[in-house]
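Notes follow the structure.
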Amino acid sequence: MSKEQIIRFLPTIVLLLPLISAALILLFTQRYRKLSAGLSTGAVAIGLGISIFLFASQGTDNSEAGSDPKFTWLSIGLAQNDSPLPTASGQENFALDIQSLNDPLSRLMLLIVTFIGTLVHVFSLVYMRKDKGFSRYFGALSFFVFSMLGIVLSSNLVMMFIFWELVGVSSYLLISHWFEKPAAADAGKKAFVTNRIGDVGFLLGILLIWQQTNSVNIAYINSVEISTLAGLLIFCGAIGKSAQFPLHVWLPDAMEGPTPVSALIHAATMVAAGVYMLCRVFPIFTDVALVTIAWIGAITALLAALMAIQQNDIKRILAYSTLSQLGYMVMAVGCGGAEAAMFHLTTHAAFKALLFLGAGAVIYACHHEQDIWNMGGLRQNLSRTSITFIIGALALAGFPLLSGFFSKDAILMQAHLSQKPLFIIGVIVAGLTAFYMMRCVLVAFFGKARTDQAKEAHEVPGEMLLPLIILALLSVFLGAPQIGLADFLNLKEVKASHHAAMIWGTVAAAVGMVGGYIFYRNADKDPLPTKLGAVSRWMRDRFYFDELYAFLNHWTQEKLSFASDWFDRWIIAGLGVKGTSGAADVTGCLIRLFQSGNLQTYALLTVIGLLGILAWILF
């Protein structure tokens with residue numbers, strides 16, 4: 001077998017390894033905690049090694065998208081022509097192939113998922129060590145990685161949708177890992193149900209594309225014209241998975257799951273799936289669809305940044321930060337910058353995984369305390385963890401020359417080229433991001449310890465520190481021009497827009513950080529509620545979107561269910577089923593009265609009948 005043939009099989013191997021691991025844990029090794037963790041960690045680590053090889057061998061083979069081994073799952077009308085596309089004679093053929101993509105975009109995403117997945121596994125070995133569902137956790141983690149890798153490698157929309165749903169199932173299992181806690185169980189259900197709303201639109205979009213093109217092959221549909229409606233329906237899937245407005249409400253509640261799960265979901269898997277999908281099918285979107293996508297992303301970025309300012313739970317601050325950054329990426333896609341979106345997705349995976357794992361280390365050291373106002377002074381007891389967390393916060397805030405600085409500027413440059421109002425929103429969001437991350441760092445790590453948990457906190461074990469150090473290095477260097485990630489993604493620099501993005505982005509980050517320092521440098525309690533009043537409550541209560549959905553649920557689902565119950569009980573069951581059966585029963589009872597078997601009764605009825613006939617004739 002040649003090197004090219006081996007390389008073509010490697011993505012499938014990366015995909016199947018975590019599935020095999022999940023199956024072995026589920027069926028055989030649940031009672032053996034260390035073995036289960038070893039299988040899960042080993043599978044994703046081997047996948048990382050293969051992914052590094054694939055990424056490094058970029059351009060050394062001739063494999064293109066769709067060149068990997070495949071088998072046909074479903075075929076219609078292929079007896080005379082093996083092409084899955086319409087024939088010249090008008091005969092419509094359709095084939096659904098199971099096949100792994102093996103192109104630069106899929107290889108980059110493979111590397112991101114397996115790399116972050118490996119670090120999360122290593123971190124979880126200590127963080128989840130005392131959890132009674134230890135083996136179950138690693139089994140679900142393997143299944144989650146498998147599902148995300150399936151999305152990355154899907155060559156057609158149907159195959160992608162299948163893995164799309166598997167990601168939903170596996171995320172439900174992980175978010176609800178501590179299912180004995182009502183909040184965790186409810187968060188898992190909320191994530192699952194909310195995503196189904198977006199997935200309905202995604203499925204309808206796939207069907208509409210099939211109706212318009214007679215194909216669901218991604219390479220083919222990217223080369224033909226697709227309607228605006230079909231593109232917007234496909235975008236509905238990204239609205240759900242990447243938690244865009246108005247389906248953003250599930251993501252903050254997903255923080256009820258274990259912190260390493262939050263790191264994986266927010267950095268490289270579930271929420272990244274929507275952005276990756278938009279970049280993968282970017283050519284299908286019309287100008288109208290792109291404008292809609294851009295504004296949905298911008299609204300999400302701004303709303304989430306405002307919400308993050310008044311959150312006190314360290315994980316929820318980072319969750320709303322993820323919402324905001326995902327809005328940035330979606331806005332970039334809508335502005336025509338799929339490359340900029342993927343650039344930011346890659347750098348964001350590093351510093352957001354760092355921040356979530358750093359938050360997990362802080363929570364672990366503080367005996368599972370998550371409120372930043374119950375922390376303080378952690379810089380002294382958690383010196384290494386605090387340094388890595390601060391690096392991640394600076395990268396997220398767009399501090400000059402860190403990875404987030406370069407990728408954020410790429411998005412702002414794209415917005416500047418596309419629509420100036422979007423550029424202004426992007427600059428405002430950059431300032432807000434710097435503000436709330438400065439707030440988080442100052443309150444949690446500086447000042448005096450406010451509780452006994454903060455005073456007694458101690459540095460986490462080396463197994464937890466190692467992923468933080470690796471991610472901190474990536475957060476510093478990943479976006480630098482010397483690394484070549486922007487060149488790999490073919491980002492074309494336009495000097496005027498680049499200079500505007502760099503200048504205004506840096507100014508916004510500086511203003512945000514200075515503002516955060518002024519407000520929170522010596523704060524023992526949050527000064528904003530006093531200064532902003534009702535506005536602060538609105539931001540803290542997430543602009544009451546959850547209450548709005550509860551109200552709509554009461555006046556739609558509950559009222560409709562009441563009306564449906566009444567109609568079923570009294571019309572269908574009462575008048576329809578019981579009415580007809582009752583009428584037949586009463587009729588039978590009446591007829592039975594005439595069938596007495598008594599001759600005198602029959603004679604009397606005969607006489608009455610004759611008299612009746614006579615009366616009718618005479619009168």
Side-chain angles (χ1 to χ4, degrees), residues 164-165 167-169 171-172 175-176 181-205 208 229 231-257 265 270-271 273-274 289 292-311 313 316 319-320 322-324 326-327 330-331 334 425 534-571:
W164 197 267
E165 295 304 299
V167 165
V169 172
S171 66
Y172 169 77
I175 294 169
S176 304
K181 291 170 51 181
D186 290 342
K189 289 185 288 186
K190 185 175 182 179
F192 190 82
V193 172
T194 305
N195 273 274
R196 298 293 74 71
I197 298 172
D199 293 351
V200 169
F202 190 20
L203 181 58
L204 291 175
L208 188 56
L229 177 59
L232 290 177
L233 287 172
I234 292 294
F235 176 54
C236 286
I239 291 177
K241 277 290 183 289
S242 290
Q244 297 297 288
F245 172 84
L247 298 181
H248 62 280
V249 292
W250 69 267
L251 188 57
D253 288 358
M255 297 302 96
E256 295 295 337
I265 289 177
M270 187 173 180
V271 296
T292 304
I293 291 170
W295 278 101
I296 291 290
I299 292 170
T300 305
L302 182 58
L303 280 177
L306 290 171
M307 294 175 191
I309 289 174
Q310 283 297 277
Q311 302 304 310
D313 185 313
R316 286 187 179 270
Y320 283 107
T322 300
L323 277 177
S324 185
L326 288 169
V330 171
M331 183 180 75
I425 292 175
V535 176
S536 173
R537 289 196 303 273
W538 277 66
M539 290 190 290
R540 184 184 65 244
D541 294 330
R542 300 164 288 186
F543 295 102
Y544 300 102
F545 276 103
D546 287 285
E547 289 76 6
L548 174 62
Y549 280 125
F551 174 80
L552 294 174
N553 178 66
H554 176 73
W555 287 100
T556 54
Q557 183 174 334
E558 291 190 15
K559 296 296 183 183
L560 287 173
S561 64
F562 176 80
S564 300
D565 177 70
W566 182 90
F567 186 79
D568 179 67
R569 188 185 303 274
W570 296 105
I571 303 301

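- When every heavy atom of A238 is checked against every heavy atom of G274, the shortest pair comes out as CB-O, 3.8 Å.
- Residues E256 and A184 approach most closely at CB-CA, 3.7 Å, considering heavy atoms.
- Of all heavy-atom pairs between L306 and M539, the closest is O-SD, 3.2 Å.
- Using a cut-off of 4.0 Å between Lys/Arg side-chain N and Asp/Glu carboxylate O, D565 and R569 are scored as salt-bridged.
- A distance-only check finds no donor-acceptor pair linking the side chain of S324 to the backbone of Y320 [under 3.5 Å].
- Of all the heavy atoms in L326 and Q244, the pair that sits closest is CB-NE2, 3.6 Å.
- Heavy atoms only, all atoms of each residue included: G327 and T300 are closest at CA-CB, 4.3 Å.
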Mind running side-chain contact (heavy atoms from CB on, under 4.5 Å) on L203 and D199 for me, showing each step along the way? CA-CA 6 Å; L203 181 58; D199 293 351; over 6 Å; no

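- Take Y544 and apply the ring pair (Phe, Tyr, Trp, His ring centres under 6.0 Å) test, not counting sequence neighbours, and it matches W538.
- Although no hydrogens or angles enter the test, the distance criterion places no donor-acceptor pair under 3.5 Å between the side chain of W250 and the main chain of V193.
- F543 and F545 have perpendicular rings, their planes meeting at more than 60° on a 0 to 90° scale where under 30° would count as parallel.
- F245 CZ to L303 CG: the interatomic distance, rounded to the nearest 0.5 Å, is 6.5 Å.
- Residues S176 and G188 come closest through the heavy atom pair OG-CA, 3.1 Å.
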I425 vs W295, test: side-chain contact (heavy atoms from CB on, under 4.5 Å). Steps then yes/no. CA-CA 10 Å; I425 292 175; W295 278 101; 3.6 Å; yes

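- Atom CD1 of I234 sits about 5.0 Å away from atom CZ of F202, to the nearest 0.5 Å.
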Between K241 and V167, does the side-chain contact (heavy atoms from CB on, under 4.5 Å) criterion hold? Intermediate values first, please. CA-CA 9 Å; K241 277 290 183 289; V167 165; 3.9 Å; yes

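- A cation-pi arrangement is found for R196 relative to F192, the charged atom lying closer than 6.0 Å to the ring centre and inside a 45° cone about the ring normal.
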